[in-house]
There are 2 protein chains.
Amino acid sequence: MLVVEDDVTVREVVVSYLRAAGHDVSEAPDGAAGLELMQRSPADLVVLDLMMPGIDGLEVCRRLRSGGDVPIVMLTALGGEQDRVVGLELGADDYVTKPFSPRELVLRVDSILRRTGRTSEEPALLTDGDLVVDAARHEAVLRGVVLPLTGREFDLLRHLVAHPGRAFSRDDLLREVWGWTVGDQSTVTVHVRRLREKVEADPTSPVRLVTVWGVGYRWETA
Amino acid sequence: MLVVEDDVTVREVVVSYLRAAGHDVSEAPDGAAGLELMQRSPADLVVLDLMMPGIDGLEVCRRLRSGGDVPIVMLTALGGEQDRVVGLELGADDYVTKPFSPRELVLRVDSILRRTGRTSEEPALLTDGDLVVDAARHEAVLRGVVLPLTGREFDLLRHLVAHPGRAFSRDDLLREVWGWTVGDQSTVTVHVRRLREKVEADPTSPVRLVTVWGVGYRWETA
DNA sequence: CCGCGCCGTCACGGCTTCGTAAGGGTTCGA
DNA sequence: TCGAACCCTTACGAAGCCGTGACGGCGCGG
């Protein structure tokens with residue numbers, strides 16, 4: 001994923017948020033650099049500022065379009081109705097008007113990746129022994145029985161099973177599952193407990209959703 | 001398929017997207033050229049800009065209508081409520097207001113082709129146990145009885161049955177069935193309810209058109 | 001011209017799920 | 001062994017989500 005934005009502050013914020021969301025992000029300070037980067041190593045999506053010195057966003061958009069059909073998210077100035085029109089006509093897949101919340105941008109980006117199916121993220125089907133986590137169906141099956149998970153529980157389980165053996169801090173999980181940057185850690189604690197209730201044979205002594213003392217939690221492969 | 005649009009940039013983007021979607025596309029820079037092309041080799045669908053120099057979209061639309069029943073998709077300017085009304089009155093099958101994303105336009109075009117049965121895309125016959133969805137006849141049969149579905153209900157059912165087991169969000173369905181990019185999610189909710197009324201043995205506890213809490217809906221294979 | 005059917009919207013009520021707080025238990029290091 | 005940090009458990013209010021019924025607009029056919 002490539003972020004092309006001249007304002008250093010904005011760029012850094014955007015990039016850090018996208019990285020926190022689990023994306024592999026490269027960045028460019030202007031249109032020329034962006035185009036060059038895209039030629040060397042094509043990205044799966046481009047976040048593009050409209051107003052930039054040198055080659056502006058529109059021109060970059062046009063050239064990217066002529067070279068392929070990579071999805072493009074435009075960053076446009078507030079009230080730039082005209083910009084927005086031109087941008088979309090040129091093939092931007094979505095636009096976000098400044099000022100925007102980074103969180104919103106991440107949402108849009110994820111949505112487009114999902115929509116265009118070019119996300120190289122986790123496979124739709126995760127398995128771990130007698131457990132199957134099916135992202136497409138939004139359903140988890142344990143020993144042939146469908147687990148009655150709530151939305152959050154499912155998200156949490158999927159994330160853990162997708163990275164077996166790795167220990168996550170509560171803050172990690174808040175950021176990567178909840179999408180929060182601030183929040184009460186006990187939220188995670190409680191959800192882990194509820195999840196254990198449904199996933200563990202004996203919830204009082206977990207063997208798969210293990211707690212890592214002083215750190216957080218880890219999914220243990222069966 | 002024919003695209004009539006005076007703005008070179010917009011035309012190129014639209015054409016390239018339609019071609020990428022597997023359509024055979026010819027193009028014309030103005031109304032006169034468009035009409036002439038249609039006479040020489042009639043297209044199965046016309047994408048038509050409303051505002052054009054010379055013979056404008058409305059006039060082209062009128063003349064096309066008098067010469068046959070080719071489906072027409074209008075491109076109208078932002079806020080052109082009046083244009084939209086006039087366009088539809090003249091027999092456009094759908095309209096897309098600028099700004100639009102090229103992907104959205106492709107969706108609309110495909111939707112219309114499917115609706116008017118002028119395309120041989122997805123399999124015409126879907127089956128799921130005692131249910132048969134016949135796209136060609138635009139008819140669904142359950143246990144040998146034809147379901148009295150409305151247009152939207154049929155579209156919705158076909159889309160769900162075509163992707164059994166997959167959970168769709170309301171936004172997904174608005175985009176993929178309605179062809180909208182924005183819209184009230186409750187629209188989907190209500191249509192699902194009405195569809196259940198006709199498809200489920202006990203609509204109060206659905207077993208085939210299942211709701212996925214916090215996400216959307218899913219079609220459960222029989 | 002009128003009636004009918006389809007569609008999109010809205011408001012309401014019930015229910016699920018969520019986040020937080022508080023208290024008790026457990027683990028670790030000294 | 002003891003204290004402190006950390007974790008588990010429980011309960012509860014609030015918010016969010018879904019289903020339902022009803023209404024008005026619009027197009028279509030009688």
Side-chain angles (χ1 to χ4, degrees), chain A residues 138 140 147-157 167-175 177-200 202-207 209-218, chain B residues 81 84-95 111 115 138 140 147-157 167-175 177-200 202-218:
Chain A
H138 241 263
L147 294 176
L149 301 180
T150 72
R152 282 270 192 261
E153 287 160 9
F154 179 82
D155 291 343
L156 181 56
L157 177 62
F168 294 96
S169 73
R170 291 177 175 68
D171 277 332
D172 285 342
L173 294 173
L174 274 179
R175 192 175 53 248
V177 175
W178 272 255
W180 294 358
T181 46
V182 294
D184 190 344
Q185 300 198 337
S186 70
T187 295
V188 177
T189 310
V190 172
H191 276 272
V192 165
R193 165 180 147 6
R194 290 174 181 153
L195 185 53
R196 279 173 173 163
E197 204 72 38
K198 301 174 182 177
V199 169
E200 294 282 354
D202 178 11
T204 59
S205 61
V207 292
L209 212 178
V210 179
T211 127
V212 184
W213 228 88
V215 180
Y217 302 98
R218 179 181 61 202
Chain B
E81 185 69 30
R84 175 189 143 196
V85 173
V86 177
L88 285 182
E89 277 179 2
L90 276 175
D93 291 83
D94 203 348
Y95 59 92
S111 163
R115 195 173 296 226
H138 236 258
L147 293 175
L149 301 180
T150 71
R152 282 272 191 254
E153 286 162 8
F154 180 83
D155 289 344
L156 182 56
L157 177 62
F168 293 96
S169 73
R170 293 178 173 68
D171 277 332
D172 286 340
L173 294 172
L174 275 178
R175 192 182 329 106
V177 175
W178 273 256
W180 295 357
T181 44
V182 293
D184 191 343
Q185 300 198 337
S186 69
T187 296
V188 178
T189 309
V190 172
H191 275 271
V192 165
R193 172 176 120 48
R194 289 173 181 154
L195 184 52
R196 278 174 174 163
E197 207 71 39
K198 302 175 182 176
V199 168
E200 293 282 355
D202 178 10
T204 59
S205 62
V207 293
R208 311 188 83 173
L209 212 178
V210 179
T211 128
V212 184
W213 231 91
V215 179
Y217 301 98
R218 179 181 60 201

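Convention: sequence-line order gives letters A, B, ...; per-chain numbering from 1.
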*Asks:* Within the 4.0 Å heavy-atom criterion, would you say A:G214 contacts the bases, only the backbone, or no part of the nucleic acid?
*Replies:*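 Counting heavy atoms under 4.0 Å across all strands, the contact made by A:G214 is with sugar-phosphate only.
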*Asks:* More 5' along DNA chain C: A:D184 or B:S186, using each one's nearest nucleotide?
*Replies:* B:S186
*Asks:* In whole angstrom, what separates A:R170's CZ from D:dC7's C1'?
*Replies:*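 Answer to the nearest Å: 7 Å.
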*Asks:* Looking at the side chain of A:H191, which of D:dC8, D:dT10, C:dC18 is the nearest nucleotide?
*Replies:*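 Nearest to the side chain of A:H191 among the choices is C:dC18.
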*Asks:* Less than 4.0 angstrom between a side-chain N/O of A:T189 and OP1 or OP2 of D:dC8, yes or no?
*Replies:* no
*Asks:* When you check the phosphate oxygens OP1 and OP2 of C:dC18, does a side-chain N or O of A:T150 lie under 4.0 Å from one of them?
*Replies:*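 Yes.
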*Asks:* Using a cut-off of 4.0 Å on non-hydrogen atoms, how would the nucleic acid contact of A:F154 be classed: base, sugar-phosphate, or nothing?
*Replies:*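 Counting heavy atoms under 4.0 Å across all strands, no contact is made by A:F154.
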*Asks:* Within the modelled atom types, does a donor on one side and an acceptor on the other bring the side chain of A:R194 and the base of C:dG19 under 3.5 Å apart?
*Replies:* yes
*Asks:* Nearest-Å distance, CG (B:D155) to P (C:dG8)?
*Replies:*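 Going from B:D155 (CG) to C:dG8 (P), I get 10 Å.
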*Asks:* Provide, to the nearest angstrom, the distance between the CG atom belonging to B:L195 and the P atom belonging to D:dC18.
*Replies:*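 The distance from CG of B:L195 to P of D:dC18 comes to 17 Å, rounded to the nearest Å.
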*Asks:* When the distance from CZ of A:R152 to P of C:dG19 is rounded to whole Å, what number comes out?
*Replies:*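 So the two atoms are 4 Å apart, to the nearest Å.
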*Asks:* Starting at CG of A:L156 and ending at P of C:dT17, how long is that distance when rounded to a whole Å?
*Replies:* 15 Å
*Asks:* Toward the 5' end of DNA chain D, which comes first, A:R193 or B:V192, by nearest nucleotide?
*Replies:*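 This one resolves to A:R193.
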*Asks:* Phosphate oxygens OP1/OP2 of D:dC8: is one of them under 4.0 Å from a side-chain N or O of A:Y217?
*Replies:* yes
*Asks:* Cut-off 3.5 Å, side chains only: do B:D171 and B:S169 have a donor facing an acceptor?
*Replies:*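 B:D171 vs B:S169: no donor-acceptor pair found between side chains.
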*Asks:* OP1, OP2 of D:dC7 versus side-chain N and O of A:T211: anything below 4.0 Å?
*Replies:* no
*Asks:* Does any non-hydrogen side-chain atom of B:R194 lie less than 4.5 Å from one of B:V190?
*Replies:* yes
*Asks:* Taking the side chain as every heavy atom from C-beta outward, state whether A:L195 and A:L209 have any atom pair closer than 4.5 Å.
*Replies:* yes
*Asks:* Heavy atoms under 4.0 Å, any strand shown: does B:G183 hit a base, just sugar-phosphate, or nothing?
*Replies:*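 Counting heavy atoms under 4.0 Å across all strands, no contact is made by B:G183.
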*Asks:* Starting at CG of B:L149 and ending at P of C:dG5, how long is that distance when rounded to a whole Å?
*Replies:* 16 Å
*Asks:* Using atom CZ of A:R218 as one end and atom P of D:dC7 as the other, report the distance to the nearest whole Å.
*Replies:* 14 Å
*Asks:* How long is the line joining CD of B:E153 and P of C:dC7, in whole Å?
*Replies:*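 It is 6 Å, rounded to the nearest whole Å.
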*Asks:* Taking only side-chain nitrogens and oxygens of A:W213, does any of them come within less than 4.0 Å of OP1 or OP2 of D:dA5?
*Replies:*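 It does not, given that no N or O in the side chain of A:W213 lies less than 4.0 Å from OP1 or OP2 of D:dA5.
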*Asks:* If only atom types and distance count, is the side chain of B:E200 paired as donor or acceptor with the main-chain N or O of B:V207 below 3.5 Å?
*Replies:* yes
*Asks:* Regarding B:S205 and B:D202, do their side chains bring together a donor and an acceptor under 3.5 Å, going by distance alone?
*Replies:* yes
